[in-house]
Every structure is written in C-alpha cells, then in structure tokens.
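Data block below; observations after.
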Amino acid sequence: MSAQPEPVSIPPHQPRLLVMKFGGTLMGSSRAIRHSASLVKRSTVLGTLVVVVVSAMTGVTNGLLKLADAAEAGDIAFANDEIAIMRNRHFTAAQELGAAPDSETVREIREMHETLRQAVYGVYLLRELTPRSRDLIVSFGERLSAPLMALALAQDGLKSHHLTGGQAGILTDSHFGNAKPLPTTYTRVKDRLDGLLGAGMTPVVAGFMGETVKGAISTLGRGGTDFTATIVGAALHADEVWTWKDVDGFMSADPRSVPRARTIVQLSYGEVMELAYFGAKVLHPLAVTPLQDHGIPLRVKSAADPDFAGTLVVADAVTLPGQSVKAVTAIKGVSIITVSGAGILGVPEVVADLFNTLARENITLLMVSQSSSMSNVSLAVQSASAERTVAALRTPLAGRQLQVDIQEGVAVLAIVGAGMRGTKGVAARLFGALATEDINILMISQGSSELNISVAIEEKDVDSATREVHGAFGLDGDVPA
Ligand code: ADP
Ligand code: ASP
Ligand code: MG
C-alpha cells in the first residue's frame, strides 16, 4: 500500500465557507477598509474560504439619492459638485490602499464616475427620476466600494476579484427600489462564485444591487447588502453568514436610544424578521429569508471585538427561562390613515377593495385595525408612503360615503420574543410601562404567531417609551441576554 499523505489538520468547528458582509461604516475610509480586510484574513489563514459582500462607503448612498433628486429638480451644479467630492473620496481611498495612479482600479473608478455623471445629466435633461434611473444611480455606491475592498485584500496577500451584484448572478424582479431575487439567482450565483473560489480567489461582491432579466440595475431596498450576503450564503450553502457591525451584535434595543441595551445571545429567524420589520435597522427585514430553507446560521458580529461571539441567528434559538421578551424596537416616521363612515358598515367588500388596492401599489402596512362595529379601518404606514396610500385609496372609496383622516407624527413600538407565546401578563406589563410614562396608545396589534405585540404611539414619546419598556421586561444590564 502506498503511503497516504498526512491529512491536513483542520481545527474543530473550522468553517469551510463563510460569507462576510461589511456595512458602510466598516467601508467608510481606507483605514476602516483595511481593518475589514484583516477580519477576512483572520479566517482565510485558517483555511476557510470567504466570499466578501460590501456596502457603499458610509454616507455615499444618501449622497447619491440627494444628488439624483437635485438633478431632477434642475440643480445640475449641485449634483456635479457632489459627484466630484465623491470621486475624490474614492480616489483618495484607492491611493491610500496602494493603487498607482495608472492602475486598473483607478481607471475603473474614473470610468464609473463618468458613467454616473452621464446618468445624472440624463435625469437633469429629462427632469425625470424614475425608480429605475434612481436604482442605476444609487448602485454606484456599492460598485465603487467593491474595488477598494479588493485592493485591501490584495495588500493582505489575498487574490481577489470584485463583481457587481449582476455579475455575481443576482437576478431580480423589476420592483425597482425594493427588488427581490428570482429563483434562478441561486444557481447563477453558485456557478459564478464557485469558479472564483476554486481558482483560489476571494470574491468581493457589491451588495444591495442585482439586475433584471433585461439587464437593468435594480436595488434590494435600503440596508439591502445584508440581503445580498444571505442570498450568496444560501446559493453557496455556506456554513455561516457573518454580518460585521459597529455594534456588539443584535441588541435588546437600538443602543443609540437605549444605552443600557445588551447583546442578545441567540435569536430565531422569525424573531429577527419581526425585529427588522419593526425598525431594528441592524438587519434588512428579508435578510434571513434565504437562510431559512437550508438552516444556515447568521452571526451578527462586532468588528471592534472579533473574538466576541455576537448574536447567533438559527432556526431553534434558545429562550432562557423567564425571557418572554428579547428586544424592544421602534419605527419612527409613521402615519395612521383612518377610513371611516357609514359606507363601511356591513359592506365587507369595501375592506377587501382597500387591501387589494394597497397590495397592487406595493404599500407596506405596519399595523391594521378594524373596529368591531366595522365603521372604521385604521392603517399604519410609513409617512413617506402616506400620500401615495391616500391617493391609491381614492378609487376604491369613490362614490362611497367614507372619509379619510391622516394622523402624522406617529411611531410604532414593538416587543419581540418567542417566549411570549403562551406567557400571560406580557401585554399587561407593556401597557403598565407605557402608563407609567403617561403615554397614550393609538393602536394595538398582536401577531397570531405571538412573536410580537406592537403599539402605535406619538413619535415624541417613543424614546422614553422604549427605555421604560426595555427596563420593565428586565432587559437593562451589562451582560449578554
Ligand atoms: P451596516 O451599515 O453595517 O449595515 P447599520 O447602520 O445598517 O449597519 O446597522 C447598525 C446600526 O443599527 C447600529 O449602529 C445601531 O445604531 C442600529 N440598531 C438599531 N437597532 C439595533 C439593535 N436592536 N441592535 C443593534 N443595533 C441596532
Ligand atoms: N448602501 C445601501 C444603504 O445605505 C445598502 C446597505 O448599506 O446595506 O441602504
Ligand atoms: Mg445596514
């Protein structure tokens, strides 16, 4: 028998393949990008294959949206100035990451800014900014940061190759601004990235964006780079997806409004979806959906403390005894639209028409309540879509004796935790905490899954309400929960 080569010793639990996602703050400067690249290297030196997914440099996405609006309004000078500032920022970072002035990366960055400038000029000439052209413009943020990460990885001695979302195989529907991946995405992504991984490359994918069947660039909704990472993770059957953050994991509340929030050790996919939907900005609301079918774990990890476990998101997350609520979250900038009048009484198709119309218009409802006498229906929506909602309701309401009222300046506060299921007294504790702060409740809803209870309150009260509710459920503290 010939001698067998010594098996390579792989430390226990060493993942074979990880997808790592870096958000805007962690891509914000050459220094931040270098640190992010070092987090990739920590795993690759142990033999783990890593696919990197990146966001735009911090502030760039908002900047692109603003300059696109300015071009539509006719202020091309402002738009061009902003593009010039952005170009300098990307050039400086590239240079600091070792790119020579005549390098391929610098040429690529220059060309991308030129294309961006032309697209913005088109918007200015037409004075028209469609969701499709907005997506093209806003995608440049991620397209420009991906080559920067590739440079940093190269400086760390890793062979890498950067791709746009479309080049990585992400094919979406045509809901520009909020597109969803088509089922064929998964095999396409696998085909494209497996080849690179097999050739010893570390792929760097521009997050947030994909393309439609016709080749138009689409985006996956704000915060969509998390979604890109989980799409890629599911496509490649990665061992885990790690979203690196500037916080210590998924916390029991937004640490900016609740300083005593603590890291949650484990969350289920369902809990994460509820939290993200109700405003926990830390993850895109659909981010865990691609992982669910394959049971791929997601970790929310601290870039400042990479040895800390952060939050593990899995199907069967542990709930500690007595831990009915794991987190409190809130969405600001909400409006309540109330449709009322005798025209609703005993006419169920009115309500059906309202919901059909909203579904057709792709309007997200945060809460719905209908009074038992059926003389009114209240809908909580993001204030940004309130006008569109009222306009959409005009048709189903026409000719019926109904009136529409809007209340602005509202927030939705939600408590989330699988431990609420079957536990008595949770709602009483929530209402008690709000009463202590003398806060008036405008609407209440509990999902049938009993994973959350949400209340609409006045926006001015939401920060103090969040702190009070957080304390009332025993979440304040310094140790992870
Ligand atoms: P990234 O750019 O990495 O995607 P985001 O800014 O989208 O990061 O998300 C991280 C931010 O989310 C944190 O800085 C924090 O202020 C905010 N946040 C809101 N709710 C939570 C929560 N429950 N846990 C952790 N962070 C939260
Ligand atoms: N850059 C995009 C945004 O700001 C996507 C992301 O960061 O996840 O929404
Ligand atoms: Mg984000």
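Computed from heavy atoms alone, side chains included, the values below leave out hydrogens, waters and symmetry copies. We count residues from 1, following the sequence as given. What you are looking at is a predicted structure, and each value in this text was computed from that prediction instead of being measured. Ligands are counted one by one from 1 in listed order, and the atoms in each one are counted from 1 as well.
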Hits for side-chain contact (heavy atoms from CB on, under 4.5 Å) against R260, two or more places apart or cross-chain, chain-then-number order -> D476
Non-neighbouring partners of S55 that pass side-chain contact (heavy atoms from CB on, under 4.5 Å), sequence neighbours left out | K21, E142, T225
Heavy atom under 4.0 Å from ligand 1: found in D246's side chain, backbone, both, or neither?
-> side chain
Quick one: are T164 and M209 in side-chain contact, heavy atoms under 4.5 Å?
-> yes
Taking 4.0 angstrom as the limit, do E111 and R107 come out as a salt bridge?
-> yes
Check the side chains of Q118 and H113 for a donor-acceptor pair under 3.5 angstrom, ignoring hydrogens and angles.
-> no
Tell me, which residues have any heavy atom less than 4.0 Å from some atom of ligand 2?
-> S55, T61, E142, F208, R222, G223, G224, T225
Looking at ligand 1, does A253 have a heavy atom less than 4.0 Å from it?
-> yes
Determine, using heavy atoms of P255 and all atoms of ligand 1, whether some pair is separated by less than 4.0 Å.
-> yes
In this structure, atom 21 (C) of ligand 1 is nearest to the protein heavy atom D254 CA, 3.7 Å
With backbone taken as N, CA, C and O and side chain as the heavy atoms from C-beta onward, which portion of K281 lies under 4.0 Å from ligand 1: side chain, backbone, both, or neither?
-> both
Nearest protein heavy atom with distance in Å, relative to atom 8 (O) of ligand 1 = K245 NZ, 3.5 Å
Between the side chains of S218 and T212, does any donor sit under 3.5 Å from an acceptor?
-> no
Run the salt-bridge test on K332 and D463 with the 4.0 Å N-O cut-off and return the result as yes or no.
-> yes
Can S257 and T466 be counted as having a side-chain donor-acceptor contact under 3.5 angstrom?
-> no
Among T202, L158, V19, whose side-chain contact (heavy atoms from CB on, under 4.5 Å) with V52 holds?
-> T202
Counting from 1 in the order shown, the ligand 1 atoms closer than 4.0 Å to a non-hydrogen atom of G23 are 1 (P), 2 (O), 3 (O)
Numbering the atoms of ligand 1 from 1, which are under 4.0 Å from a heavy atom of G249?
-> 24 (N), 25 (C)
Which atoms of ligand 1 have any heavy atom of K21 under 4.0 Å away?
-> 1 (P), 3 (O), 4 (O)
Work out whether the distance between some heavy atom of A327 and some atom of ligand 1 is less than 4.0 Å.
-> no
For the residue pair N362 and R388, confirm or rule out a side-chain donor-acceptor distance under 3.5 Å.
-> no
Ignoring angles and geometry beyond distance, decide whether S252 reaches within less than 3.5 Å of ligand 1 through its nitrogen or oxygen atoms.
-> no
Does T92 reach the main-chain N or O of N88 with its side chain, forming a donor-acceptor pair under 3.5 Å?
-> yes
Donor on one side chain, acceptor on other, T263 and D248, under 3.5 Å | no
Part of V282 within contact of ligand 1 (heavy atoms, under 4.0 Å) = both
Give the contacting part of K326 toward ligand 1: side chain, backbone, both or neither, where contact means a heavy-atom distance below 4.0 Å.
-> neither
Is S454 close to L413 at the side-chain level, that is, under 4.5 Å between some pair of heavy atoms?
-> no
Considering the heavy atoms of G24, write down every atom of ligand 1 situated less than 4.0 Å from one of them.
-> 2 (O)
Atom indices of ligand 1, in the order listed, that fall short of 4.0 Å to a heavy atom of R256 = 16 (O), 17 (C)
With a cut-off of 4.0 Å, which atoms of ligand 1 are near a heavy atom of V247?
-> 13 (C), 14 (O), 25 (C), 26 (N)
Please collect all side chain to side chain donor-acceptor pair (under 3.5 Å) contacts where either partner lies in residues 278-297, sequence neighbours excluded, each pair once.
-> none
Under 3.5 Å: N/O of D226 near N/O of ligand 1 = no
Contact check: M251 vs ligand 1, nitrogen or oxygen atoms, below 3.5 angstrom | yes
side-chain contact (heavy atoms from CB on, under 4.5 Å) with F22: of I33, T243, V40, only one passes, and it is V40
